[in-house]
Structures are given as C-alpha cells and as structure tokens.
Amino acid sequence: MELSKNYIPGEVETKWYAHWIKNGYFHSTPNEKKAYTVVIPPPNVTGVLHMGHCLNNTIQDILVRRARMQGFNPCWVPGTDHASIATEAKVVAMLRERGISKSSLTRDEFLAYAWEWKEKYGGIILQQLRKMGCSLDWERTSFTMDPDYYETVIKVFVDLHKKGKIYRGKRMINWDVRAKTALSDEEVIHKEVNGKMYYIRYRLDVANEEYITIATVRPETIFGDTAICVHPEDARYKHLVGKFAFIPMTNKLIPIITDDYIEMDFGTGALKVTPAHDMNDFQLGQKHNLEVVDIMNDDGTISDASPMYVGQDRIDVRKLIVPDLEAAGNLVKIEDYVHQVGFSERTEAIVEPRLSLQWWVDMKQLATPALEAVMSDEIKFHPAKFKNVYRHWMDNIKDWCISRQLWWGHRIPAWYDAEGNVYVETSLEKVYETYPETKGKNLHQDSDCLDTWFSSWLWPIEVFKGMSNPGNEEINYYYPTSTLVTAPEIIFFWVARMIMAGEEYMGKIPFKDVYFTGIVRDKQGKKMSKSLGNSPDLLGLIDQFGADAVRFGIMIASPAGNDLLFDESTIEQGKNFNNKLWNAAKLLKMWETRIEDTAVPEDAGFAMDWFQAKLSNTQNTVDELLKEFRLSEALKVIYSLIWDDYCSWYLEWIKPGFEQPMNKKVYENTIEFYDALLQLLHPFMPFITEEIHHALKTQTEDICVKLYAPKTSVNEQVLKAGELLQNVISTLRDARNKNQIKPKDAIELFIQTAHNAPYQTIQNILAKQINAATIQFTTTAIGSSIVVALEKDKFYLVADQAIDTVSLKENLLKDLAHQQGFLVSVDKKLSNVKFVQNAKPEVLAIEQKKKADALARIQTIEESLSQL
RNA sequence: GGGAGCAUAGCUCAGUUGGUUUAGAGCAUCUCGUUUACACCGAGAGGGUCCGCGGUUCGAACCCGUGUGCUCCCA
C-alpha cells in the first residue's frame, strides 16, 4: 500500500472513531482486570465545546487511553449537568424572543418548553467530544435529571433533613435581581468598580442646627437606614451618642449608636446602618436590635416601604437621589472611589444582599472528614498547592444556601400546610404517611428547586447507581474512581462537595487523584470566555488542522499546574508533527520495496542497539512523568524522541545509499521501533497513530487496545557511544559550515585518538553524516587541514579548497579562553581549603575530574594552534 | 484588609535533597542548503545581571530576610 503525499486528517478521524465504537473498545463492564475509572465533569447541557473543555477532556482521554494500553479496564463516563440557573436563563430568553413571558406560564408549561430545549440543544457538546477522539463509554451517558438521579437527589435532601443537616432559615443571601433567585456565595463574582463615595449629612434632632456626616457608596438605600453607628472611642462624636438624627428628606428619626466594629479613619468615622441591604449592617442590626426596613422588591426596584422613588430601579435611583439631596442641602461632597461589587456569575446582574427565607446545608460536620481526606493525602491534589486553598476554605466554611427560586431543577421535597408548618418527605403520599397529623389537610409543595451543585456532588456515585441501587456490582467495582480532572475554579463548588458526599454516603472518598488543569487564556493573558469573545472556534480548528493537531497544540502548551496561554501556532506545530510522522512512514514504505535478506552491517547493528536503548530509556522517563501527571513534559519527550532521535539520527544512520537495497532484519526492527513510538504517542494523538500503525504492515490488533510491551533494561554503554557519535557529527558539521565547505563537497577525515575501536564501529555512519570520502586514523598532525578538537581527540578535515586559517584560529582561541576560564573556576574551588575539607568525597572527585578534563582539552587546543 | 502563588533566552517553560563541565528545551530569529521521506524540510549559529538588594554557606537559579512587579482565592 502506498501512502498519499500528505496526511489528510478529516476522513481518517471519522473512519477510526467509527471503527473503535463498532468494536466496543470504549465500553466497559466489570471484569477481573483492575478498573481505571474517570467521570467526566458534566458540561452544562446547553453548552458548546470551548477551549476549557478541550484541554480538560484531552487530558482525561490521555489518562484513559494510556490505562487501556497498560491493561487496566478503563471506564470513562460521559454525561451532562442540567445547570438549573444557566439553562433556565436560556429558556427564558428563548421564550422572550417568541414573545412569551415566563410569568404567563404555569410551572408545567414552562418545564415542557425547557425539556423541549434540552432535547434539541442538549448533548451537542457530547457530539463534539467524539470529534476530539474522546474514548468515552457512551452506553453510560448520564444526565443529572435522569429519573433515577432525580429520585436520588430528593432522597439525599430528605435524609440530610432527617439528620438535621438541612434546615430552613431566614438569613442574608445574595439575590440575583434578574433571575429573581438566591445565589450561593460561590456564584457571586467580585469585581473592582470605579464608583463614588457620597458624603451626606443628617440633621440632628437637637435645638440648634447640627449635622452628622456619613460616607456611603449607596445613597439610594438611605430610606432603609435604621441607625447611625460610630466608634465608642471616637472623640468627634462622643457627645452625639444616644441622640437621634433625621433621615434626609424625611422626618424619620434614627438613633446614633456605638460599636467597635467601626473603623474611625474610614470615611467620616460614622456609618449609616441599613440592615436589610448590607451583610455587615445586618449583623450590626441583630446585635443592637435594630429595625429592618426592606425598601427593595425582588426585581431590584424600590418598594413602597420607601417614601420616594417607588417602582424605580435602585441603579437609577442612585442617580436621581443625588441632585435631590443636594437641593435639600444634605449633600456635602462626592469623591471617586474604587470598590468591590458582586455580580451574578450567570446573569451578570449586580447582586443585592437580601434577607430571605431559604434552605441551607449545615456544612461543619460534612467538612471534617472531607478536609482530613485531602490533608492526609488519601486524595492527592495535583499540583499540591491547591491543598492550601482547600484547607483555607474548609476551615472557614459557611452554610450552603441550596434553594433557588427557579423551576428547572430538582423541586424541593417540602410541603406546607395553611398554618405554615413544613413537612419534608420524598413525596406527598409519604408526607401523609409519615406525618399522620396532616391527614385531610391541603398541602402545597415548595415551589423552589435545588442548587445545581446539590445534584452534581453525587455524580461519581450515582452514575453507577450507587444511591438508587446501593451495593450493586458496578458501584462496588468502579468506585472510588481513579482520577478527577477539573478546573481549579470549581474546587469549592464541586470537588469539595463530592468529597463530602462520598464520605457521607459511601463512607469512602470518591477519587484518589485530582488533577487541576490551568485556565485557558489568550495571548494577552486574558481568560478565554464567551463574553469576551476571545475564544477560538474549536470545531473550525479541528476541521482546519485535525483533532490530533489540536490535541497536540493544547497539550504541548499546557505545563502542569500552570495556565495555558493559547496560541494557534502550537496547533500548527501539531500539524507539522503529523506531517513528519506521515513522511517517516512514507520512507519506510519506500524501503519495503527493496528488501534484501543479507547479514546486518556492523554500523546498522550499532544504530539499532543505540535506538533500542534510547527507546527503553525514554519509555521509562515517560512512565515517571505521567505518574506525576506531567503530561506536557511527557509529550515533549515523545516528540523529541520521534523527531530528533528516530527521524533525524536513527533513520539517517540506517539509510541505505542511493537505490541500494535495504537489509531485511534492519527493516523489520525499524518498523517495530516505529510501532513502539506510535504506541507511546497514541494517547496524545490517537487518530494518526492508529492510521500509520495499520499502514506499516498487516496488524492483528488495533493500536488503541494493543498492550505496552514489558519494560526492558537500558544499555547505558551503547547510549553513551551514540551520544559521542552525535557529538562528533555535530562538531564536524559545524567545522564544515564555518569553513564554508559546500554540503556536496566531500572531505577526507583523519582521526587522532588513543582509542581507535569506538570510531571503527561507526565510521560508515560518520562518513555518511559528514560527507567524508575516506576516514583514516593518524598518530601525527596532518598539514594544511582544518583542525578540530573534541575531548582528547583531534580531527583533521582535508578539503579541496583553501583553508581560512584566520577564522579557524579565532575559533580555537575562543574555545581556549572558555576552557581556561572554566579551569580557573574549578581551581578556585580546589584550592579552597574549606571546600576540600567540607565537600562530599564524590563532589570532590567530580571537581578533580573536571580539572583533569579541562587541562587535557587545553593541551589539545594548544597543540592544534601551534600547528596552524 | 486576610491568604496563596509566580518572577530563568524575544515567547512558553524545565531545572528533583544547594555541587553533574561558568544555566537547558521547544517555538521564534539569523546563516547556509532545493541531496528522491518531509521546505509542513535539513544542517548549523546567535541569544541569559536566573526581578533588585541583603544574608546563610567552602559553594546559591535553588535556602532565609527584604523590596518591587504580576496573578489567583477569600472578605
């Protein structure tokens, strides 16, 4: 079979993916082999593939494919997350476009639209993962709202409620005014914003006209003020404590109180306390029994609890109130002020602190074993620096607000009677059964649903039905999973909570290793995101360069534990690598046509021994690197082994002369070497490796399921000899170059050395690589030649052209200066008495050898110089 | 405000307990070369105050202190 001129990825990729699926290579069932389990971080059901997914899933595929080739039984479970708030926002937007408002629909009508949307757009991303070559077990595709999964989430809610770990409480929460729902702390993004600090004076309720000035960034909330607070030690205000002040533009009086929470040198040292609209003020209010005046509606407009601006948005009111305050004589000054503002992760609305009745998970007890599992390295984090981050969060853990005022999700299994009593059970029937007092009563279910993460924290368990069918064969076999690959930004949202759920419901950790990928950034270092529009079109890139090239590009640029600065040029490098692989295969196929079964030439024997050693050595290195999850380094090592060692050195060394026959034994070995290289590369670039594997010869198995050969020992001596040969070739090529000898012009080479033998074995290779017509050994200097010194040996190149003695001398002098400088530094050490006394013996020996080598080299160079 | 991390060639990064030839790789740059696998290529070269300062040590890119700059997390 002859290979096409260029490698064309498109068809090849489609062909092999279909072939792998047809053969069921990615489907796993429990067997006698050891399991290697990975659960995909379920992408949002509405999601499309972006660079983050690409990086994340390429890494998982590399781990899974390698495990498969190492003889594990790998199982990589795909699936999607219902993503309640993100999906609901999209469905609402879609309905709005059709002229339908959510409020005009019943819950069931809305959910019908949502499911319709899910069926239409959900799972696009799963198709895209196939294009990337991901070896997922598609028969196990899961969804966080599958019937069994749904039931499990409800069961867990009821169970935690029974254990007293879920409760209902009125607390300050983060309110998304656009989605009209509560958010967890983790869903709020704090950003620095250029704002203003407004200085507003409140007139005191005293006989003479006196004022107290406060500083605030939120003047629109003054009608919710219920106190002014100063520091008890603040001399400026001591005389005012206990008196009252009027809220500007009203005749409402609020007290002046003290608390040492106040920072005297911040603003004016006087704080307006608005318990309904600020987290800290709320706590202050509780402490001092202050009234709570909520002046905001759930959509962010001012409520009728306010005397003015009712029905207008709070952001607009901030602009309106300033001139009004000024007109009333209450505005003192305005300063520019940079401060942090919270935004909703999903809707980007400015988040309002709001007092609200919500459902909470008590996290304290759940956190204890989950923290211990990571600190003791039962679960290993890669890179380990995330252990610190994790501990810090766990030590300061707060209760988790899990109710969301949304319809798309798992509906909270709580029912209320007319008196407001709450009954938690898995269904209405169960409520009547468990709570006999409810008999005959009319109950209505809580209309809220649960935070998305309240279902995803069960993912590694429930994808194997570990909760809905406890103790089944699969959960016993696949759980705990092996490695979790995820983004560091969801360490609290997801990773921490999965560990908690694992400990709580399985009594076991959910995974043994967690690999945190970097964040994908663009060339300028900006995080890639849809909103910035700096995310490249991934499918376009795959079409243009092929999936293998994209996988290569993203992996080579992704050092372990660091962010990835994405640049299309690395994908181009991947494409070039494809081309290289293809051309090496073409060369082998060409040799196949002129095989001759004769004795193996000595130099080819050497080349094969050397490459075998190099291959074994690198296989060990790759093994070590992958054990430490240093994927990008492993890929670099493989890349260099193929491009430099195999193609540039080895293939050139065994290459027969023009139209000469190819030795059969050498050919067969060379094919086997190439196949081993492809196997090593396969997890990173699955498609082209499978294609070439089959192109090399008729194969009995696919590379994707071919097991790695057992490790072999490395012949260090041959490795060194090869290195020497490479050194000699490079040095002599450099000498040719510097003396402007044309590549076509052959030279005569004379070698002056104490040991002829090592050079004799390789002289044919040497002659070929430096274009030497003859190679001879000499014991004396050769006149009118180019002299090159390497180690203790000297090389004389005799060429037809005049020798540029000036530049030759220059080079030798440069080398001499370097060696002498080096000698000085070594001498300095060796003549230091303290060094000789304190250094370890082996260090001393090394320094002595350095000195001897340097002296020998200096002598060689000086001899060469004297001959010029 | 609290915490974590980073700073090595133009760029992206290695550099394992301090000593392994006065710091390595890939990409980019420059020179030469169209020799039948590959110009999506080959051969070669240049390029570094290891962020600044101070300290520990016989010896520091590496350890300690400090300053500067950047990034992330939490409030």
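Please read all numbers here as calculations on a predicted model, not as lab measurements. Numbered from 1 within each chain, the chains take letters A, B, ... in sequence-line order.
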Tell me, with the steps shown, if A:Tyr674 and A:His693 meet side-chain contact (heavy atoms from CB on, under 4.5 Å).
CA-CA 9 Å; A:Tyr674 201 31; A:His693 169 73; over 6 Å; no
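At the phosphate of B:A37, OP1 or OP2 sits under 4.0 Å from a side-chain N or O atom of A:Lys655. Contact check, A:Trp643 against B:G42: a side-chain N or O comes under 4.0 Å of OP1 or OP2. Listed pair A:Ser825 / B:U21 fails the phosphate criterion, with no side-chain N or O lying under 4.0 Å from OP1 or OP2.
If you check every strand for non-hydrogen atoms under 4.0 Å, A:Tyr639 touches sugar and phosphate atoms only. Nucleic acid contact class of A:Arg391 (heavy atoms, under 4.0 Å, all strands): none. Note on A:Asn771: nothing from the nucleic acid sits closer than 4.0 angstrom, heavy atoms only. A:Ser648 comes within contact range of the sugar-phosphate backbone alone, with a heavy-atom separation under 4.0 Å but no base atom that close.
Results of the salt bridge (charged side-chain N to carboxylate O under 4.0 Å, His left out) test with A:Lys697 over A:Glu592, A:Glu672, A:Glu668 single out A:Glu672 as the only residue that passes. Considering A:Trp393, A:Phe386, A:Tyr390 as possible partners of A:Phe492, the one that fulfils the ring pair (Phe, Tyr, Trp, His ring centres under 6.0 Å) test is A:Trp393.
In this structure, the nucleotide among B:A37, B:G44, B:G26 sitting nearest to the side chain of A:Glu652 is B:A37. Counting only heavy atoms from C-beta on, A:Lys636 has its side chain closest to B:C13 among B:C58, B:A37, B:C13. Considering only side-chain atoms of A:Arg630, the nucleotide from B:G2, B:A4, B:A14 that sits closest is B:A14. In this structure, of B:C40, B:C73, B:G5, it is B:C40 that holds the atom nearest to the side chain of A:Asn6. Among B:G2, B:C40, B:G44, the nucleotide with an atom closest to any side-chain atom of A:Asn576 is B:C40. For A:Lys385, the listed nucleotide lying nearest its side chain is B:G5; candidates were B:G5, B:G15, B:G26.
As rounded to the nearest Å, B:G69 and B:U8 have C1' atoms that lie 16 Å from one another. Of the P atoms belonging to B:G52 and B:C62, the separation is 10 Å, rounded to the nearest Å.
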